[in-house]
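Notes follow once the structure below has been shown.
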Amino acid sequence: MIHLRSVARTFDPQRQVLRGVDLDVDAGELVAITGRSGAGKTTLLNVIGGLDSGYQGSVEVAGRRLSELGDRQLSAFRNRSVGFVFQAYNLLEQLTVSENVALPSVFAGGSHGREGREEVRRRALESLAAVGLDGRANDRPAVLSGGERQRVAIARALLQRTPLLLCDEPTGNLDEATGAQIAELLREVRERRGVTVVVATHDAAIRRLAGRVLELRDGALAEREPELPGGGR
Amino acid sequence: MSLRPSLRLALLELRRGWRRLAAAGIGIALAVASLVFLLALGLGLRATLLGEVLPLDRLEVAREATSLDLFGVRLPLGGDTLDSAAIERLQQIPGVRRVFPKMKLTVPAVASAGGWLLGSALQTELVVDGIDPGLVADEVGAAFQVTARALPAACADDRDCGDDAWCVPAGGPGAGSCRPYVPALVSHHLLELYNGSLRRVYHLPQLNPDKLIGATAELTVGASMVRGDAWGVAAQERVRLVGFSDRAIAFGLTLPLEVVRDLNARFSSSPAADAFHSAVLQLESPGSGAAVIAAVEELGLAVTDRGARRTAGLLALLMAIAALVGAAVLAVAATAVAHAFFIGVSGRRREIAVLRAIGATRGDIRGSVVTEAAAVGLAAGVLGVAAAAAGALLVDRLAVSWIADLPYRPDSLFRIEPWLVAGGLAVAIVAAVLGALPGARRSAARDPADTLSGP
């Protein structure tokens with residue numbers, strides 16, 4: 001699903017965030033990427049998700065070599081191949097929950113782009129049901145708790161049935177119990193839908209559920225032993 | 001950029017930020033309102049001045065006779081009339097739709113009227129002009145046409161002749177026979193002169209123009225109050241007022257051309273019946289005026305109403321100044337829009353980055369901002385045009401009392417043409433879109449990864 005070779009990302013001569021990163025992630029894997037703050041986890045996710053194209057090296061995701069894609073193709077790639085979940089949820093406050101979830105359909109070209117409003121709403125409700133929020137479809141994000149907002153963000157990422165989910169500190173703003181629920185939700189999504197999930201996280205709950213844990217240190221990835229369900233290694 | 005995402009994003013933003021966007025659009029609405037108002041006023045004044053006071057869609061042409069000034073007397077050298085051939089040549093000029101020859105009555109005439117209204121009849125010597133009825137058909141219809149109809153062979157008084165004829169009284173030529181009334185026009189100037197000055201001098205009542213239509217007057221052709229040696233033979237006609245027209249002679253009586261032609265042939269000579277003193281050229285459009293004037297001058301003739309051209313030039317200058325003022329106000333308004341969109345786009349950095357992350361292209365983002373601006377511009381344009389129309393209506397209502405006594409009182413001082421409405425809307429949209437372009441470019445150019453990093 002993901003193949004990175006010698007990927008480097010430099011923001012200025014004094015700050016090289018990624019240094020020759022190699023990464024292979026198979027379809028259906030749940031991979032956790034850890035590392036201290038500023039280590040480059042978000043940058044790595046941005047590179048994989050086609051949001052950052054200022055890197056050197058080779059990035060191939062879902063069969064597409066990203067360096068060969070222009071803005072329009074990259075946008076289509078993000079819409080159809082990648083779902084993003086952010087630490088800050090990034091929901092549009094003026095839209096209802098279901099409208100937020102349906103938002104990616106606005107940018108879906110081809111047959112997806114021409115589907116009717118009812119069909120889009122049906123899919124949005126289906127996504128919300130998958131995260132247990134089908135009863136809150138008409139609420140505004142402002143009345144939801146942090147955990148519920150993050151569930152909405154995950155539902156939005158699932159709408160287009162993308163094969164890859166990139167989550168950047170999805171539990172970073174949540175308490176431990178809620179974070180555990182989100183972690184469990186990501187595991188369910190992976191298992192039920194066969195989605196590949198890559199999570200940048202400090203959260204032990206997610207690390208415990210991950211098939212692989214990679215640590216980003218000094219710009220390079222190193223394999224870590226997955227944590228055991230009880231909390232030990 | 002595809003239209004659908006841009007449109008949907010724009011609708012979302014319009015729904016959310018309509019207050020901010022409305023504030024940005026107010027400036028454009030005011031600018032469009034002032035622009036449309038001033039241009040409509042310019043067009044209205046031009047239509048009134050050039051269409052009624054100094055018509056530029058019609059040019060009056062005459063032959064300028066050379067003359068010799070001798071001890072205060074100007075002696076003509078050569079003729080100053082137009083013959084049928086000259087009229088035909090004028091008709092051939094490109095840009096001329098129709099030629100209406102005009103002829104002056106070349107014998108004196110005295111009119112007598114008003115006895116029934118004023119107690120005693122007023123008498124005055126009049127200048128009489130003959131014009132083609134087609135020239136005033138749009139104002140008085142067929143009432144100015146001379147129509148041949150069968151009249152009773154003999155009569156004792158007017159009642160025997162019906163509504164359209166009168167009975168020639170005993171003692172003159174044709175006594176006891178019916179003669180048709182000659183339709184006549186007078187100008188608003190003449191009525192103004194009477195109501196404004198003459199009635200005060202002679203202590204007479206003011207006249208209501210609407211009630212004067214249908215009034216009759218005796219016209220004695222060949223008689224004079226000025227020259228004692230007038231023509232020995234006089235003809236008696238009775239004229240009936242059929243309307244007021246600014247195309248009628250300013251101070252005199254205007255009759256159908258063929259009536260004047262017959263009188264000239266009868267009292268002067270046959271050549272006099274073919275000698276036109278001027279001709280009115282109806283142009284295909286006011287824009288062809290310059291070319292037609294040049295062609296007229298090539299024929300050795302002259303356009304007599306140069307004031308129209310000067311007025312047209314002055315109005316064009318005033319309208320250009322109005323357009324410049326409007327454009328300057330629009331530019332300021334567009335700057336305000338630019339500021340509003342720049343601020344708005346900056347405030348939506350994270351949101352735009354999220355939209356990019358879920359599949360929006362740079363073009364979608366740019367297009368949504370431009371679409372928002374176009375919608376703001378359209379709304380501002382509609383508001384501006386409506387405000388201009390309302391302002392025009394208000395000024396028209398106020399003007400009714402200000403200009404009640406003017407002879408040229410148009411129905412409206414303004415002319416809001418469809419192209420002006422469309423232009424107002426287009427200008428508003430263009431100004432808003434141009435104002436929003438820097439913000440649109442900035443929002444599309446920003447790298448979403450920069451914004452999405454961090455909480």
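Hydrogens, waters and symmetry mates are skipped; everything else that's a heavy atom, side chains included, is used. Throughout, a chain's letter reflects where its sequence line sits, starting with A, and its residues are numbered from 1.
Between Glu126(A) and Arg121(A) there is no salt bridge, since no side-chain nitrogen of the basic residue lies less than 4.0 Å from a carboxylate oxygen of the acidic one. Between Arg72(A) and Asp364(B), none of the side-chain N atoms (NZ, or NE/NH1/NH2) sits under 4.0 Å from a carboxylate O, so this pair counts as no salt bridge.
Arg80(A) forms no cation-pi arrangement with Phe77(A), by the criterion of a distance under 6.0 Å to the ring centre and an angle within 45° of the ring axis.
Comparing Asp71(A), Leu45(A), Asp52(A), Thr162(A) by how many heavy-atom pairs each has under 4.5 Å with chain B, the most go to Asp71(A). Options Leu95(A), Val47(A), Leu51(A) differ in how many heavy-atom pairs under 4.5 Å they form with chain B, and the most are formed by Leu51(A).
Partner Leu44(A) forms a side-chain contact (heavy atoms from CB on, under 4.5 Å) with one of Leu214(A), Leu166(A), Val198(A), Val21(A) and no other, that one being Val21(A).
Using a 4.5 Å cut-off between heavy atoms, Glu99(A) contacts chain B through its side chain alone, with no backbone atom that close. Only the side chain of Leu92(A) comes within contact range of chain B, with at least one heavy atom under 4.5 Å from a heavy atom of that chain.
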